[in-house]
Undergrad: 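I'd like to ask some things about the structure below.
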Amino acid sequence: MDWSAITVTLKLGGVTTVLLMLVATPLAWWLARDRRWWATCAESIIALPLVLPPTVLGFYLLVLLGPQGLVGQFWEGMGGPRLVFSFWGLVIGSMLFSLPFVVQPIQQAFRIIDERYLEVAATLRARPIDRFFTVALPLARRGLVSAATLGFAHTLGEFGVVLMIGGSIPGRTKVISIAIYDAVESSNYPLAHQMSALMLVASFLLLFTVYWMNRRPTRQP
Amino acid sequence: MSTIRLTPPSTPSDPSDPTDLSEPAVAPNCAVHIKHRQGSFLLDARFSTPGRGVTALFGPSGAGKTSLLRCVAGLTQPAAGFVAVNGAVWLDTAHHVCLPAHQRGAGYVFQEASLFPHLSVHQNVRYGQRRAKDREHGLSLEQAVEWLALGPLLPRMPAGLSGGERQRVAIARALLASPKILLLDEPLSALDEASRQEIFPYLTRLHQELRIPVFYVTHLVKEVARLADYIVFLRDGQVTHAGPAHEMLRDIVAQDAGEDTPFCLIEATVIAHDAQYHLSQADSAFGVITLPALAQAAGSRVWVQVFAREVSIGLRIEHDMSILNQWPCRVVSAAESRPGQMLLRLGPAAGEVGVHLLAQITRKSWDLLRLGVGTQVFARVKSVSLVE
């Protein structure tokens with residue numbers, strides 16, 4: 001078993017999910033409530049990773065984040081460490097790649113909240129930000145849990161983007177999916193079997209959790 | 001939209017006048033003027049009400065009552081308008097004043113209690129209270145729990161409550177936020193009859209004890225008769241009449257409620273109960289009214305509803321007949337309401353002016369009895385019911 005790959009994978013999944021939730025929740029709130037054309041435009045951009053080959057996303061990231069790239073040059077000029085072929089480069093790539101899987105369940109959960117609850121909160125002297133935290137978030141909690149689980153599961157299973165911008169540095173950027181690929185390349189089938197079975201079981205359990213939660217009767221009247 | 005100009009409903013003196021250090025000469029009041037277009041519907045309502053007590057916003061459905069209430073609460077922003085509650089100006093589009101809902105302090109109870117489903121009853125009622133710290137006229141949690149009998153409900157979740165219980169919680173929640181006005185949007189309409197009967201005593205109690213004004217939206221006469229101190233009649237987005245309930249209820253209700261069958265309401269005081277015959281007697285401007293046994297104690301004020309078709313006319317009193325209520329009246333006015341049907345407005349033969357009874361008779365009877373305006377008659381009322 002390649003334990004360093006498992007550690008890197010779990011760390012990448014955890015960090016990506018936490019950061020994604022912080023970014024995706026306000027984004028989903030905005031998309032759920034804004035019906036103007038630029039919100040639709042943003043929605044489409046966020047959904048792009050669903051249809052684009054991961055290599056396309058990975059290629060653009062490589063170009064942008066690389067030392068000669070627009071973002072990379074600026075970042076390194078500010079004294080930042082190199083992004084490509086580093087763990088944080090992987091985090092950025094995974095966040096973009098998993099964004100639609102996290103935004104969409106949250107957005108859907110916000111969309112079905114009865115506007116009436118927010119109005120009641122307003123007449124009870126709650127400011128908009130207060131209403132968001134004390135009414136909208138708790139009422140969307142199921143969507144939030146779904147989103148976090150899907151985001152985590154999707155990050156674990158990522159291959160293309162990681163391959164393009166992560167390289168395969170053991171202990172730093174070599175994740176399970178890459179380790180499996182390497183094992184097959186070097187004809188180490190027993191290792192490939194072990195890691196693949198692990199991924200299969202872990203992914204199944206995560207998806208089962210999401211579907212099981214969505215099936216339970218809702219407490220909202 | 002910016003061309004709509006509004007002037008606030010007249011207030012006899014400027015309450016903000018810094019030289020006026022005495023008690024305000026004007027009784028505190030609520031002034032509302034809303035102009036708002038929703039699709040093809042135009043709301044243009046202007047009225048002012050006393051600064052305390054229950055004002056019924058009364059009218060048929062589609063009259064704009066709910067839209068008006070939402071504009072007062074700040075949940076809908078009207079194209080133009082003015083809203084002031086006991087001196088606090090919440091909306092004045094002419095001076096670009098528009099306070100957001102959370103800064104107004106308008107307690108709002110919706111048709112269907114929208115209790116937060118993720119919070120317990122206790123957390124629900126504390127929601128507004130926690131955000132209204134250091135406000136005046138703060139009602140204590142204990143008081144609210146006692147008034148609305150919430151004790152056993154506090155630990156429960158809203159999903160497990162009956163409709164009537166939810167509305168009681170919603171009222172307590174609104175009151176605990178120390179509102180400057182309480183807005184009730186047909187709070188009984190989503191309830192069944194049993195729940196309505198259950199919740200009515202609580203509303204009556206609030207009516208007696210609250211020091212803040214209450215706007216109560218309804219299309220039901222009986223709710224108006226039992227709760228309102230002041231009535232604003234709305235029809236097609238406009239105010240048709242407004243005034244103190246005891247004046248308005250006497251005769252305007254019948255025509256403005258959009259009722260098919262005209263009726264009138266008579267104010268009466270319970271004087272005695274007759275246990276043997278299961279009857280009660282009440283004193284009114286027309287004389288003593290005999291009606292089915294009442295639960296109210298002697299001395300209580302009640303409103304009695306009399307349908308015009310239940311009233312027949314005689315020229316002298318009859319003793320050998322089954323009808324118990326025969327009152328001496330005079331014909332005040334009469335009009336042919338439908339072909340062959342006359343609708344008569346009767347006043348008491350002696351005494352009070354401005355109190356009316358409606359009677360519906362055929363034109364043939366009108367001619368046979370040689371009736372005319374001023375004729376002294378006896379109104380025989382077959383059945384009388386209490387408004388409750």
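Just so it is clear: chains get the letters A, B, ... in the order the sequence lines come, proteins before strands, and each one is counted from 1.
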Undergrad: How long is the span from the CG atom in L176(B) to the CG atom in L124(A), to the nearest 0.5 Å?
TA: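 If I round to the nearest 0.5 Å, the distance is 9.5 Å.
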Undergrad: More than 12 heavy atoms of other residues, nucleotides or ligands under 6.0 Å from CH2 of W147(B): is that the case?
TA: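 For W147(B), atom CH2 is crowded (more than 12 foreign heavy atoms under 6.0 Å).
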Undergrad: Please examine the side chains of L139(A) and P117(B), heavy atoms only from C-beta on, and report whether any two atoms are closer than 4.5 Å.
TA: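 Side chain of P117(B) against side chain of L139(A), heavy atoms only: contact under 4.5 Å found.
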Undergrad: Could you walk me through whether L115(B) and Y117(A) pass the side chain to side chain contact (heavy atoms under 4.5 Å, CB included) check?
TA: CA-CA 8 Å; L115(B) 302 180; Y117(A) 295 123; over 6 Å; no
Undergrad: Looking at R111(A), I want to see if its CZ is surrounded by more than 12 non-hydrogen atoms of other residues, nucleotides or ligands under 6.0 Å.
TA: yes
Undergrad: Show the atom names and distances, to 0.1 Å, of all donor-acceptor pairs under 3.5 Å that link a side chain in residues 150-163 of chain B to residues at least two apart or in another chain.
TA:
{"residue": "R156(B)", "atom": "NH2", "partner": "G160(B)", "partner atom": "O", "Å": "2.8"}
{"residue": "S162(B)", "atom": "OG", "partner": "E165(B)", "partner atom": "N", "Å": "3.3"}
{"residue": "S162(B)", "atom": "OG", "partner": "E165(B)", "partner atom": "OE1", "Å": "3.4"}

Undergrad: Within a radius of less than 6.0 Å around CZ of F41(B), do more than 12 heavy atoms belonging to other residues, nucleotides or ligands occur?
TA: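 Enclosed: over 12 neighbouring heavy atoms sit under 6.0 Å from CZ of F41(B).
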Undergrad: Let me confirm one number: the OH-CZ distance from Y108(B) to R116(A), rounded to the nearest 0.5 Å.
TA: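 Reported value, rounded in 0.5 Å steps: 7.5 Å.
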Undergrad: Around atom CG of L207(A), are there more than 12 heavy atoms of other residues, nucleotides or ligands at under 6.0 Å?
TA: yes
Undergrad: Around F87(A), counting heavy atoms of other residues, nucleotides and ligands shown, do more than 12 lie under 6.0 Å from its CZ?
TA: yes
Undergrad: Rounded to the nearest 0.5 Å, what separation is found between the OH atom of Y127(B) and the CG atom of D130(A)?
TA: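 So the OH of Y127(B) and the CG of D130(A) are separated by 4.5 Å.
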Undergrad: Is the backbone N or O of H118(B) less than 3.5 Å from a side-chain atom of R141(A), with the two atoms forming a donor-acceptor pair by type?
TA: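 No; zero donor-acceptor contacts below 3.5 Å.
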Undergrad: Once salt bridge (charged side-chain N to carboxylate O under 4.0 Å, His left out) is applied, do any residues pair with R70(B), and if so which ones, sequence neighbours excluded?
TA: E119(A)
Undergrad: Name, in order of residue number, those residues of residues 98-107 of chain B that have a heavy atom at a distance of less than 4.5 Å from a heavy atom in chain A; otherwise write 'none'.
TA: A101(B), H102(B), G105(B), A106(B)
Undergrad: Anything under 3.5 Å between a donor and an acceptor, one on a side chain of residues 37-62 of chain A, the other on a protein residue two or more places apart or in another chain? List them.
TA:
{"residue": "E43(A)", "atom": "OE2", "partner": "Q107(A)", "partner atom": "NE2", "Å": "2.8"}
{"residue": "S44(A)", "atom": "OG", "partner": "T40(A)", "partner atom": "O", "Å": "2.9"}

Undergrad: Is there side-chain contact between T134(A) and R131(B), with at least one heavy-atom pair below 4.5 Å?
TA: yes
